[in-house]
Peer 1: 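For reference, the structure I am asking about is given below.
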Amino acid sequence: MSDAHDSESQGHGDDGGDDHGHAHEHDGGHDHGHDHDGGDDHGHHSHDAASVSVAVVTVTSSRTLKEDPSGEYLVSAFEAAGHEIAVHELVRDEYDSVQGTVDRLARRDDTDAVVTTGGTGVTPDDVTPEAVEPLFAKTLPGFGELFRRLSYEEVGTHTIGSRAVAGVTTATPVFCLPGSENAVRLGVDEIILPEIGHLVGLASRDSDDDTEPEAEDEDADGDADQAS
């Protein structure tokens, strides 16, 4: 994130505030009394991950890991919630660097999710969405929609400058947050932390459930052969 992006985030820009009193009205979505998210009618929380390993990526051309309050907040928030940090890296606001880093981290065996901060605004060097979206096998449009809805309560129409996105690549959820600390607090505290175990569990669910019916079919075929 460039100096312009930093000054934008301090003045509102694409970030949300850290007053979390506003967010609890939408928390009913976390109760999941509905069955929209997997068709898993024998209990779609059965695959939830209690603890996940997260790769944190700070996208910036002006800061270092020692001067990275947004990245530091992500690390502390996940650890405080009982999750692990697989790695915390810093990359420049460059398409190839961002895309290559997210792709590499998402493929690591010790990484369950990737969270980036920075590069989601509208300055020329804000390229995180452009770099990451081609990696997605599935998009999670509700993440950006909810982030901007909550951000609107803090910064008003300035939220249209935010391009926060999320999706799944190589069975790994990826969340791209703005660079300001306030926006990171909003995104991780009110959206990512309540849902990350659920999303990781669904995205990484193996094919065991799918192979069982096939085994039954094979048995059925065998029975049919014996009967014929």
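As the structure is a prediction and not an experimental result, all values here were calculated from the model. Below, all heavy atoms of this structure are taken into account, side chains as well, without hydrogens, waters or symmetry copies.
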Peer 1: Got a salt bridge between Glu145 and Arg149, using NZ or NE/NH1/NH2 to carboxylate O under 4.0 Å?
Peer 2: no
Peer 1: Please report the C-alpha distance between Ile192 and Phe143 in whole Å, then the side-chain angles of each, then the deciding distance to 0.1 Å, and finally whether the side chain to side chain contact (heavy atoms under 4.5 Å, CB included) criterion is met.
Peer 2: CA-CA 9 Å; Ile192 298 177; Phe143 173 76; 3.8 Å; yes
Peer 1: Once you round to the nearest 0.5 Å, how far does CG of Asp189 lie from CG of Leu74?
Peer 2: 9.5 Å
Peer 1: For the residue pair Ala106 and Thr169, what are the closest heavy atoms and their distance?
Peer 2: CB-CG2, 3.8 Å
Peer 1: Do you know which two heavy atoms are closest between Gly71 and Val56, and how far apart they sit?
Peer 2: O-CG1, 4.2 Å
Peer 1: Go through Asp125 and Thr123 one step at a time and tell me if the side chain to side chain donor-acceptor pair (under 3.5 Å) criterion holds.
Peer 2: CA-CA 6 Å; Asp125 59 349; Thr123 64; 2.7 Å; yes
Peer 1: Could you check Val132 against Val98 for side chain to side chain contact (heavy atoms under 4.5 Å, CB included), going step by step and ending with a plain yes or no?
Peer 2: CA-CA 7 Å; Val132 174; Val98 174; 4.0 Å; yes
Peer 1: Would you sort out whether Thr157 and Tyr152 count as a side chain to side chain contact (heavy atoms under 4.5 Å, CB included), showing the intermediate values?
Peer 2: CA-CA 6 Å; Thr157 55; Tyr152 175 79; 4.1 Å; yes
Peer 1: Determine whether Thr58 and Arg63 satisfy the following criterion, side chain to side chain contact (heavy atoms under 4.5 Å, CB included), listing intermediate values before the conclusion.
Peer 2: CA-CA 9 Å; Thr58 299; Arg63 298 181 184 176; 5.8 Å; no
Peer 1: Can you name the nearest heavy-atom pair linking Pro129 to Gly119, along with the distance?
Peer 2: CD-O, 3.3 Å
Peer 1: Please answer whether the main-chain N or O of Thr120 pairs with a side-chain N or O of Thr128 as donor and acceptor at a distance below 3.5 Å.
Peer 2: no
Peer 1: Going by distance alone, is a donor N or O of one side chain under 3.5 Å from an acceptor N or O of the other, for His88 and Asp68?
Peer 2: yes
Peer 1: Compare every heavy atom of Arg92 with every heavy atom of Val59, then report the nearest pair and how far apart it is.
Peer 2: CG1-O, 4.1 Å
Peer 1: Atom OH of Tyr73 and atom CG of Leu177: how far apart are they, to the nearest 0.5 Å?
Peer 2: 11.5 Å
Peer 1: Rounded to the nearest 0.5 Å, how far does CG of Leu105 lie from CG of Asp110?
Peer 2: 9.0 Å
Peer 1: Indicate the atoms forming the closest heavy-atom contact of Val127 with Tyr95, along with that distance.
Peer 2: CG2-N, 3.7 Å
Peer 1: Does a side chain donor of either Ser61 or Asp93 reach within less than 3.5 Å of an acceptor in the other side chain?
Peer 2: yes
Peer 1: How far does CD1 of Ile191 sit from CG of Leu146, to the nearest 0.5 angstrom?
Peer 2: 4.0 Å
Peer 1: Looking only at heavy atoms, what is the nearest atom pair of Asp112 and Thr172, with distance?
Peer 2: O-CG2, 3.4 Å
Peer 1: Between atom CZ of Phe147 and atom OG1 of Thr159, what is the distance when rounded to the nearest 0.5 Å?
Peer 2: 6.5 Å
Peer 1: Can you tell me how far the CD atom of Glu94 sits from the OG1 atom of Thr101, to the nearest 0.5 Å?
Peer 2: 10.0 Å
Peer 1: Does a side-chain N-to-carboxylate-O contact under 4.0 Å join Glu133 and Arg163?
Peer 2: no
